[in-house]
Amino acid sequence: MLTELLQGTDAGGFLIIQDSASYSGRHLLKSFINAALHREEAVHVLGFEVSEEELKDGLIGASIHRLHFHNAYTDPLGWTHNPAFTVHQFCSEGVTQLVKQTSQSKPATLVIDSLSWILRHVGPPAVCKTLQQLRKGGAVRAIIGLLHADMHQRGTVGSVCHMATSVITVAPGMKGDEALAKITKRSKSGKVMQDEEIFSFKEDFTVVVQNRPSQLGLKQTETEERETDPTANLTFNLRLSDTEREAKEKLALPFVFSKEKKTALLHSGRGSGRILYEPDANDDYDQEDPDDDLDV
Amino acid sequence: MFAELSSILNASPDSFTQGEFVLVSDRQSDASFLIHHFLSFYLRGDAVSQRLGVSLAQAKEKGQLVFLEGLKESLSVLIPQDTNTGSKAMDFLRDPAVGLKSLYEFPSSVSSSGSRAEGAEEWGPLVLLVDDLSVLLSLGVSVGAVLDFSHYCRATVCSELQGNVVMLARCDGEEEEGDGDDEGSETLLKGLTHQCSLTLHVQGLPTGFCRDIHGQVEVCWRRRQGDGQSTQKKLFQYKVHDKGASFFAPGTSSAVL
């Protein structure tokens with residue numbers, strides 16, 4: 001599913017890459033930018049968190065002219081006198097204007113690095129409103145955002161991801177180079193698909209998807225089934241032949257109260273001892289109170 | 001300067017990566033010995049002073065080291081006296097809404113004015129050392145404002161001036177999700193981790209106290225290295241002694257071997 005998403009989000013699509021302090025999602029973000037540039041799309045990046053050099057580092061040179069970096073890194077809060085793009089300019093009119101200035105008639109792909117920066121300064125309702133307006137606006141074909149899930153409360157992360165058509169959560173993998181991606185994709189028909197994949201990067205930011213973690217789970221149950229014959233490879237014989245098995249099943253166990261024993265006790269056969277009891281006058285047999293003779 | 005740590009970080013005073021944002025953090029431990037390392041590492045001139053050690057007073061006189069004593073200045077803001085000659089750096093205490101903009105202007109003013117007297121030597125790239133950021137939280141600054149401050153420091157010192165930034169952030173509590181008293185410093189630590197290119201996290205040993213091993217340091221490189229690995233983590237144990245600190249792989253302490 002990761003490869004499908006890399007090949008192109010549908011128009012009006014909104015993809016979120018969620019990461020945490022233990023694994024940065026920026027490499028995957030760069031892979032998406034790379035893929036979009038290869039598809040000859042114009043890519044506009046609102047860069048809050050990293051500088052232009054750092055973002056462009058490693059991306060392929062030929063189609064780099066289609067990448068427009070809007071510098072919100074040097075002065076996002078307007079502390080100097082000449083800010084390029086501040087966080088408070090993040091509204092649908094501001095962004096649309098920015099995109100239309102530099103782009104041709106084709107709608108562009110908007111990349112936001114990162115949504116967490118904006119959410120820290122502009123509240124979640126305003127951010128969601130702007131994102132929704134941008135999606136419906138038409139100036140922007142698709143939006144890809146990076147979100148640091150451990151920087152916000154769960155409610156904030158949940159509400160922003162609720163608006164997304166696809167969410168990829170990245171985490172470190174078992175081996176050094178690999179990472180784990182949990183993907184949730186919502187199609188237009190309302191169907192939700194989820195998947196987990198292990199992937200790694202090549203030098204040019206292309207993604208190599210490796211075996212899925214669910215396959216490892218299957219292998220484990222197979223080995224368990226193969227281990228169920230303890231009677232093999234012994235120096236003595238624990239197996240039973242057919243006649244032995246029949247005799248074993250016929251054997252009545254000594255202390256088990258089976259049907260045969262019950263009938264034998266209830267209907268005692270001829271020749272077995274019988275006990276007859278006739279109380280005479282000397283026996284104190286009082287039916288009402290058997291303890292009558294006690295002096296208590 | 002700890003020679004072992006320098007080799008672990010693949011850096012020497014003559015050649016180190018520029019534009020780096022180093023985060024030194026600790027949890028229920030004390031990572032200030034690492035600040036000493038970085039201070040003497042960056043103040044180093046040549047091989048001669050290496051052997052003689054670094055004199056901070058001398059560096060301050062020459063103008064190589066500029067010191068802002070935050071707590072002392074904050075006291076002069078909170079308890080104003082007649083002879084108030086403090087810089088404007090700690091003005092955020094008077095007006096929290098302004099944020100740490102004035103504090104940020106301190107290093108940028110130092111770098112632009114160039115405290116270079118006539119005939120003074122040309123120093124290398126600017127290095128900003130902050131010891132420590134968690135004090136700002138206890139002074140009442142919000143986590144968002146501190147993260148904005150560190151962002152601006154990084155944008156100016158690392159990207160524009162190709163200098164280095166080293167910041168210390170401390171945590172008192174256990175690492176846990178959800179609400180806790182120490183939420184501010186946890187969020188600050190996570191935010192700084194996202195921003196930095198190299199982290200050194202100091203913790204006590206998980207098994208308890210030990211006379212010969214004072215704790216463990218986890219070094220994590222977050223930026224892409226030459227060989228293509230995006231994140232690389234290494235764990236070391238350390239022991240602090242009079243002349244410095246020694247670092248070794250876990251289990252190879254001289255007390256054990």
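Quick note on labels: first sequence line is chain A, next is B, and so on, each numbered from 1. Computation of the quantities below employed the complete heavy-atom set of this structure, encompassing side-chain atoms and omitting hydrogens, waters and symmetry-equivalent molecules.
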Which of the residues A:Asp19, A:Val50, A:Leu77 is involved in the greatest number of heavy-atom pairs with chain B at under 4.5 angstrom?
A:Leu77
Sorted by chain and residue number, the side-chain contact (heavy atoms from CB on, under 4.5 Å) partners of A:Thr206 (sequence neighbours excluded) come out as A:Lys202, A:Asp204
Does A:Trp117 form a side chain to side chain contact (heavy atoms under 4.5 Å, CB included) with B:Asp148? I'd like the steps, not just the answer.
CA-CA 9 Å; A:Trp117 228 102; B:Asp148 291 339; 3.6 Å; yes
Does CD belonging to A:Gln97 count more than 12 external heavy atoms closer than 6.0 Å?
no
Bottom line for A:His121: the part with an atom under 4.5 Å from chain B's heavy atoms is side chain
Using the ring of each side chain (for Trp, its six-membered ring), is B:Tyr152 parallel, tilted or perpendicular to A:Trp79, with breaks at 30° and 60°?
parallel
Measure the OG-CZ distance between A:Ser22 and B:Arg222 for me, rounded to the nearest 0.5 Å.
8.5 Å
Side chain proximity check, B:His194 to A:Met151, heavy atoms < 4.5 angstrom
yes
Please classify the contact between A:Pro76 and chain B as side chain, backbone, both or neither, with a heavy-atom cut-off of under 4.5 Å.
both
Centroid-centroid distance, B:His151 to A:Phe48, less than 6.0 Å:
no
Toward chain B, the part of A:Ser20 with a non-hydrogen atom under 4.5 Å:
backbone
What closest approach, in Å, do B:Ser159 and A:Tyr73 show between heavy atoms, and which atom pair accounts for it?
OG-OH, 2.8 Å
Test: B:Arg154 and A:Glu54 ion pair at under 4.0 Å
yes
Does A:His65, at its NE2 atom, have more than 12 non-hydrogen atoms belonging to other residues, nucleotides or ligands within less than 6.0 Å?
yes
